[in-house]
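Have a look at the structure below, then the notes.
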Amino acid sequence: MGQPALILASASPRRRELLARLGVTPSAIAPADIDETPAKGELPRDYAKRMAREKAEAAKSEDGFVLAGDTVVAAGRRILPKAEDEATARKCLELLSGRRHRVLSAIALCAPDGSLRERLSETMVMFKRLSPGEIEAYIASGEWEGKAGGYAIQGIAEGLISRIHGSHSGVVGLPLYETRALLKSAGFDIA
Ligand SMILES: Cc1cn([C@H]2C[C@H](O)[C@@H](COP(=O)(O)OP(=O)(O)OP(=O)(O)O)O2)c(=O)[nH]c1=O
């Protein structure tokens, strides 16, 4: 029996790779271009959920299910930006240094009839206390570019992370446990 068609609404190669680990190959990739500005006072978890939902809905199709995700790094109620320049990445690392923070990874699946299913993964991540030299070396690596919170756990940053409680794949961008459950609930045949 064939699988329903699955469209991945993401430009992120990491999300594609993580999805492949579930044995799922999207029939199409359709990145959604939405306004990613948090609303005033919006809580990190609500923001992550709204972004995933809006990406899935923007790419919605009668030809198949549409899967989207959004990953947000939160320090308390504060939503950290996606680091696009060195100054932003440095600020994020200074803020995350020596303390725990949360990574919220929301996924949304829009069915061909327009109905929506969602899941959220929440992970606690703790960085060691970073020396100025460690921060500068990390900035020089360039691995922070385009990453929420200014780091990528899947690279050298993991050597600076003393503890993680939750979902490693969620921090990278697609929580595999929640994604598998979501796809199964929609009728996908996943081993
Ligand atoms: C914290 C963290 C984030 N990230 C990435 C995951 C996401 O790609 C990015 C957060 O931005 P997102 O808006 O979630 O995703 P994206 O813009 O890369 O892709 P798209 O919206 O098209 O699906 O940060 C890591 O790769 N590793 C990490 O450790």
Pair Glu17-Arg21, salt bridge (Lys or Arg N to Asp or Glu O under 4.0 Å): steps then yes or no: CA-CA 7 Å; Glu17 285 160 19; Arg21 283 175 55 194; over 6 Å; no

CZ-CG distance between Arg180 and Leu174, expressed to the nearest 0.5 angstrom: 14.0 Å

Residues clustered with Met124, ILVMFWY side-chain links under 4.5 angstrom: Met126

Flag, side chain of Lys184 to backbone of Ile190, donor-acceptor distance under 3.5 Å: yes

Exercise: do Arg15 and Thr71 side chains pair donor with acceptor under 3.5 Å: yes

For Ala152 against Ala157, the heavy-atom pair lying closest together: O-CB, 3.3 Å

Closest approach of Ala5 to Ser27 (non-hydrogen atoms, all atoms of both residues): CB-OG, 3.7 Å

Flag, side chain of Trp144 to backbone of Ala83, donor-acceptor distance under 3.5 Å: no

Leu6 and Leu19: CA distance, side-chain angles, deciding distance, side chain to side chain contact (heavy atoms under 4.5 Å, CB included) verdict: CA-CA 11 Å; Leu6 182 71; Leu19 190 61; 4.0 Å; yes

Inter-residue atom distance Glu178.CD - Ser121.OG, 0.5 Å rounding: 4.5 Å

Worked verdict on Glu86 versus Glu145 for side chain to side chain contact (heavy atoms under 4.5 Å, CB included): CA-CA 8 Å; Glu86 291 192 2; Glu145 225 175 320; over 6 Å; no

Reported CG-to-OH distance for the pair Leu104 and Tyr47, which is rounded to 0.5 angstrom: 11.5 Å

Nearest heavy atoms of Ala48 and Ala106, plus distance in Å: O-CB, 3.3 Å

SB check Arg50 Glu42 (cutoff 4.0 Å): yes

Taking every non-hydrogen atom, the tightest pair across Leu109 and Ala186: CD2-CB, 3.5 Å

Minimum side-chain heavy-atom gap Leu120-Asp70 below 4.5 Å: no

Expected output: side-chain Ser105 to main-chain Gly170 donor-acceptor under 3.5 Å: yes

Contact check, side chains of Leu160 and Leu93, non-hydrogen atoms, under 4.5 Å: no

Polar side-chain atom of Glu134 near backbone of Ser131 as donor-acceptor pair, under 3.5 Å: yes

Beyond-backbone contact of Ile34 with Glu36, side-chain heavy atoms, under 4.5 angstrom: yes

Partner residues of Glu122 under the side chain to side chain donor-acceptor pair (under 3.5 Å) criterion, sequence neighbours left out: Arg45, Arg102

Sub-4.5 Å side-chain heavy-atom contact between His101 and Phe127: yes

Check: Lys82 side chain, Gly149 main-chain N or O, donor-acceptor pair, under 3.5 Å: no

Beyond-backbone contact of Leu182 with Glu118, side-chain heavy atoms, under 4.5 angstrom: no

Side chain Glu143, main chain Ile156, donor-acceptor under 3.5 Å: yes

Chi angles and distances behind the side chain to side chain contact (heavy atoms under 4.5 Å, CB included) call for Tyr151, Leu80: CA-CA 11 Å; Tyr151 73 92; Leu80 268 60; over 6 Å; no

Under 3.5 Å donor-acceptor, Ser169 side chain and Leu176 backbone: yes

Side chains of Thr88 and Lys91 in contact at under 4.5 Å (non-hydrogen atoms): no

Separation of Met51 CE from Ile79 CD1 (nearest 0.5 Å): 9.0 Å

N/O donor-acceptor pair under 3.5 Å between Ser10 side chain and Pro31 backbone: no

Nearest-0.5 Å distance that lies between atom CD1 in Ile135 and atom CG in Leu130: 5.0 Å

Distance (rounded to the nearest 0.5 Å) between Arg117 CZ and Arg119 CZ: 8.5 Å

Check: Tyr138 main-chain N/O paired with Ser141 side-chain donor or acceptor under 3.5 Å: yes

Crowding at CG, Asp33 (>12 non-hydrogen neighbours, <6.0 Å): no

Check: Tyr177 ring centre within less than 6.0 Å of His168 ring centre: no

Shared hydrophobic cluster, Val24 / Ile107 (ILVMFWY, side-chain heavy atoms < 4.5 Å): yes

Heavy-atom check, side chain of Arg77 versus side chain of Leu43, under 4.5 Å: yes

Cluster link Leu18 to Leu8, ILVMFWY, side chain under 4.5 Å: yes

Thr123 versus Ser167, closest heavy-atom pair with distance: OG1-N, 2.8 Å

Anything under 3.5 Å between a donor and an acceptor, one on a side chain of residues 57-67, the other on a protein residue two or more places apart or in another chain? List them.
from	atom 1	to	atom 2	distance (Å)
Ser61	OG	Asp63	N	2.8

Contact check, side chains of Arg163 and Val125, non-hydrogen atoms, under 4.5 Å: no

